[in-house]
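Contents: one structure, followed by commentary.
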Amino acid sequence: MFKLEEISFTYENGNNVLSDFNLSLAKGEKVALTGGNGAGKTTLLEIMTGLLKPQKGKVFFEGIERKTEKDFYNLRVKTGYLFQEVDDQLFCPTVREEIAFGLFNLGKTREEIAKITAEILDQVGLSGFDNHITYQLSTGEKRLVALAAILAMEPEALLLDEPTAGLDKSAVERLKLILHNLNKTILIVSHDNSFIKPIINRTIIF
Ligand SMILES: Nc1ncnc2c1ncn2[C@@H]1O[C@H](COP(=O)(O)OP(=O)(O)OP(=O)(O)O)[C@@H](O)[C@H]1O
Ligand SMILES: [Mg+2]
């Protein structure tokens, strides 16, 4: 589903993060990405979604090379990306609007959106949070809303950057079950071994 070929990436300040990096992620594979702080995990996810452009190398999605913004459009529709910084992700005033936004863009009707929103909030343990003000939520609640908004779109692939950061034990267990039962391609950045172990087939260590 994803293939990265000999990717090299250096930030503008000269910080070289990736050199000739290769990665293959087959459809349906569930992979953990671990490694120390600053190893380049978030940078890699941003390259995979076209938010950062590597100086060298190729990004393929479903066998097609992705270079321009237009190439990445279809990848982003099919790929749910949970940012490490949850405040960079949420942008709607209320939880209901946050979840409805993507669904509306997918062409869902009002009735469908209401039904999906109720189901997905129940799934992540936030039933009744529809009218809560997004910026007033706790960090853990924000992450769950961001996850709910992504899952609601039923993407084919999930790129999750530290999805359990700030989540309490029951939320972690709930998420573990959701991801375990999902039949999708998943790449999870996480340092939490007990969380990733029952979900993943393979680990990539930076
Ligand atoms: N905009 C930037 N300009 C320059 N250097 C950056 C920039 N963003 C990140 N870096 C550096 O690039 C390296 C990789 O950062 P990245 O965020 O990808 O690491 P990470 O593996 O996700 O770390 P963590 O586990 O702490 O989230 C780090 O050394 C970081 O300081
Ligand atoms: Mg990171």
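Counting starts at 1 for both ligands and their atoms, in listed order. This chain uses plain numbering: 1 for the first residue, then up along the sequence. Reckoned from all heavy atoms, side chains included, excluding hydrogens, waters and symmetry mates.
With respect to atom 17 (O) of ligand 1, the closest heavy atom belonging to the protein is Thr42 CB, 3.7 Å. For atom 10 (N) of ligand 1, the closest heavy atom belonging to the protein is Tyr11 CE1, 3.4 Å. With hydrogens left out, the protein atom closest to atom 25 (O) of ligand 1 is Lys41 NZ, 2.7 Å, a heavy atom. Among protein heavy atoms, atom 26 (O) of ligand 1 sits closest to Asn37 ND2, 3.0 Å. Residue, atom and distance of the protein heavy atom nearest to atom 30 (C) of ligand 1 are Asn15 ND2, 4.1 Å.
Numbered from 1 in the order shown, with element, the atoms of ligand 1 that lie under 4.0 Å from a heavy atom of Asn13 read 4 (C), 5 (N). Against a heavy-atom cut-off of under 4.0 Å, Thr43 is close to the following atoms of ligand 1: 14 (C), 15 (O), 16 (P), 18 (O).
Ser8 approaches Pro54 most closely through the heavy-atom pair O-CB, 3.5 Å. Across every non-hydrogen atom of Ile99 and Ala152, the tightest pair is CG2-CB, 4.0 Å. When every heavy atom of Val86 is checked against every heavy atom of Ala146, the shortest pair comes out as CG2-CB, 4.0 Å.
At a 3.5 angstrom cut-off on N or O pairs, Gly35 does not count as close to ligand 1. Looking at Val17 next to ligand 1, no N or O pair under 3.5 Å apart turns up.
There is no side-chain donor-acceptor pair under 3.5 Å between His132 and Glu141. Neither side chain, Glu173 nor Ser170, offers a donor N or O lying under 3.5 Å from an acceptor on the other. Side-chain N/O atoms of Gln84 and Thr42 include a donor and acceptor closer than 3.5 Å.
Screening residues 181-197 for salt bridge (Lys or Arg N to Asp or Glu O under 4.0 Å), with sequence neighbours left out, gives no hits.
In this pair, Phe91 and Phe101 present their aromatic rings perpendicular. The plane angle is above 60°, beyond the 30 to 60° band.
When heavy-atom distances to ligand 1 are checked against a 4.0 Å cut-off, Gln84 comes that close only through its side chain, counted from C-beta outward.
Excluding waters, the set of protein N, O or S atoms lying under 2.8 Å from the Mg ion (ligand 2) comprises Thr42 OG1, Gln84 OE1.
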Begin from the C-alpha positions of Lys115 and Glu112 and carry the test salt bridge (Lys or Arg N to Asp or Glu O under 4.0 Å) through to its verdict. CA-CA 5 Å; Lys115 185 168 175 279; Glu112 286 169 330; over 6 Å; no

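With sequence neighbours excluded, no residue forms a side chain to side chain donor-acceptor pair (under 3.5 Å) with Asn201. Among residues two or more places apart in sequence or in another chain, the side chain to side chain donor-acceptor pair (under 3.5 Å) test is passed with His180 by none.
Closest to atom 13 (C) of ligand 1 by heavy atom, among Ala165, Gly38, Ser190, is Gly38.
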